[in-house]
Amino acid sequence: MSLAEQMDTVTEDTAGTVDRHATTETFDSTDPGSGALVGVFPVHDADAVQETVDRARPAARQWAELGWDGRRQRLTAYRGYLARRLNELADLVHRENGKPHADAILEITLAIDHLAWAGAHARKTLGSRKVSAGMLAANHAAYLEYQPLGVIGVIGPWNYPVFTPMGSIAYALAAGNAVVFKPSEYTPAIGAWLAAAWRAAVPDCEDAFQVVTGFGETGAALCRAGVDKLAFTGSAPTGRKVMAACAETLTPVLMELGGKDAMIVDDDADVVAAADAAVWGAMSNGGQTCIGIERAYATSAVYDRFVAEVTAQVQKLRPGSDDEASYGPMTMASQTGIVRRHVHEATSAGGRVVRGEADPSLFPGEHYLAPTVLLDVPEDNVAIREETFGPTLTITKVRDAEEALELTNTSAHGLGGAVFSKSKERGLDLARRMRSGMTSVNSVLTFASIPALPFGGVGESGFGRIHGEDGLKEFTRAKAITRQRVALPVNLMSFSRPASATDALARVMGMIHGRHR
Ligand code: NAD
């Protein structure tokens, strides 16, 4: 029986494929499109979480002792397993998260690519290397290596339930840690599937990746369970609670939080390409994308053409649950109200709505939102300032790209962003000066699909990095080692050193550094 079929057969007694521990309370996971039951899962309490972390400890040691080759071989087996069951997992993602099957395929594909990169680059990035010992310690050899932390707690969101947590899980495992993952309460079946897949693909170290399920309290218990680092992806308000809980035990944290990403469309931009990218960046996944484009700033030279092109493209979009749908329902029902409030506040403040021609009464349910483009929204409006996380896009006319950059950078968030310009120099210059962790020029979201590039934000969007070499190092501690190669006649760090030695040292320093003014 496939893992997805097992999910359909769970009862209150079996509580899915997740270890129930002594927990008796359960919760349901449902299809956000149809309301159908996807699975029943335990609400793991603090004891269950602690048991899981305790079980991960010896697994972390065993996993670390496997070495680079042993871990790489098993990570390869895991990605092979995922790739062979790509359609099965995509079907589960479609049912539990609501996104179209094709988008689920794309998401899982990216996650597999990151797994491959992390496994292949761990040794080169983290393994022991010799560094220059410098003049003062020239008789020593100096070594640097990055050692695993132990057990990493990962708390994830629901919007990209495979790709987003895998950005922490894959890199933490590749760096030699064990992982305990608490998926969102909206996507526990996907988290349970990923852990069951690990057990099937890596049976000789199955406790290196485990899952606990539940709501915020289960996540809070994971923060307090003595993990060696907590990688959190979610909203800023929850991030603050996670940091506060982790502060109690001085547990270090990685914060991947929300965004309000902007696109700058410069005078010389390819307007059709920019509009296509803006519509995808804003509306794909129903706008429930942390690095989704929520604001566009177009210069007065291109504004009219850009608005016309975006409007034309948006009219072709249709939310739904079928294979032809552009995007699915709002995964979290309560988000529907937030999106509607932002649109209402924008229009109350004088904003104009350019909506597609689709008639919302034809949508399959109330949680399917029409793509909505908002013009002339004041900069101090919530629709410009706060994360909307729905299929909306504001377009604002600006004098030039400098004004666009200024408005982009006034946001408290700073996750990603995009620039459209035909000039390579100008595009890169604007990208560099954009206050965000990632910017793509002449495309959207591309940085997330390049495993070698670090992913993370500034300001309210969080700190720390997943992906790339920085993402591997995030789950390690740097270890410095020196080895004396030859003893010098005079040892400066000994009570036996002659008084003249430091006088000579002072003269040498004067000759080498003292000439610089
Ligand atoms: P959320 O903050 O509501 O929940 C995230 C996770 O935290 C869930 O698993 C939840 O159960 C858990 N949680 C809730 N309260 C907790 C507590 N007190 N202690 C510990 N854990 C707790 O976020 P969400 O609605 O699941 O996800 C959407 C948000 O995630 C958006 O803001 C989005 O921008 C952000 N996001 C960021 C990135 C990124 O990489 N920066 C990626 C995806 C999503």
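Indexing begins at 1, ligand by ligand and atom by atom, following the structure's order.
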Part of Glu256 within contact of ligand 1 (heavy atoms, under 4.0 Å): both

CZ (Arg72) with more than 12 external heavy atoms under 6.0 Å: no

Donor-acceptor side-chain pairing of Thr476 and Gln147 below 3.5 angstrom: no

Nitrogen or oxygen atoms of Phe389 and ligand 1 under 3.5 Å apart: no

Region of Gln288 that comes within reach of ligand 1 [heavy atoms, distance under 4.0 Å]: neither

Residue, atom name and distance, where the atom is the protein heavy atom closest to atom 23 (O) of ligand 1: Ser235 N, 3.5 Å

Test item: side-chain donor near acceptor, Ser235 and Thr238, under 3.5 Å: yes

Any N or O of Glu185 closer than 3.5 Å to N or O of ligand 1: yes

Closest protein heavy atom (residue, atom, distance) for atom 12 (C) of ligand 1: Ile155 CG2, 3.7 Å

Within-shell test, Ala245 vs ligand 1, heavy atom, strictly < 4.0 Å: no

Glu474 side chain to Ile466 backbone, donor-acceptor under 3.5 Å: no

Protein heavy atom at shortest distance from atom 25 (O) of ligand 1: Trp158 NE1, 2.8 Å

Close-contact set for ligand 1 against Leu415 heavy atoms, below 4.0 Å: 41 (N)

Nearest non-hydrogen protein atom, atom 13 (N) of ligand 1: Thr238 CG2, 3.5 Å

Parallel, tilted or perpendicular, as decided by the 30° and 60° cut-offs, for the rings of His101 and His94: perpendicular

Location of contacts on Thr233 toward ligand 1, heavy atoms closer than 4.0 Å: both

Side chain, backbone, both or neither: the part of Asn159 lying under 4.0 Å from ligand 1 by heavy atom: side chain

Contact atoms of ligand 1, heavy-atom distance to Val242 under 4.0 Å: 19 (N), 20 (C), 21 (N)

Matching residue for Ile264 among Val398, Val441, Thr439, Leu405 - test: side chain to side chain contact (heavy atoms under 4.5 Å, CB included): Leu405

Shortest protein contact, atom 8 (C) of ligand 1 (heavy atom only): Gly156 O, 3.4 Å

Proximal atoms of ligand 1 relative to Ser184 (non-hydrogen, under 4.0 Å): 9 (O)

Identity and separation of the nearest protein heavy atom to atom 40 (O) of ligand 1: Phe455 CE2, 3.2 Å

Enumerated ligand 1 atoms positioned under 4.0 Å from heavy atoms of Gly258: 32 (O), 34 (O)

Identity and distance of the protein heavy atom lying nearest atom 32 (O) of ligand 1: Glu387 OE1, 2.7 Å

Heavy-atom nearest neighbour in the protein, as seen from atom 17 (C) of ligand 1, with distance rounded to 0.1 Å: Gly216 O, 3.5 Å

Per-atom contacts of ligand 1 with Lys241, taking only distances under 4.0 Å to non-hydrogen atoms: 18 (N)

Any N/O pair Lys182/ligand 1 closer than 3.5 Å: yes

Any Arg295 side-chain heavy atom under 4.5 Å of Asp261 side chain: no

Ring centre gap for Trp158 and Phe389 strictly below 6.0 Å: yes

Phe447/His467 aromatic ring centres below 6.0 Å: no

Gap separating the CD atom of Glu51 from the CG atom of Asp45, nearest 0.5 angstrom: 8.5 Å

Cationic N near anionic O, under 4.0 Å, Glu107 to Lys99: yes

Any donor-acceptor N/O pair, Glu345 side chain to Val382 backbone, under 3.5 Å: no

Salt bridge present between Lys260 and Glu386 (N-O < 4.0 angstrom): no

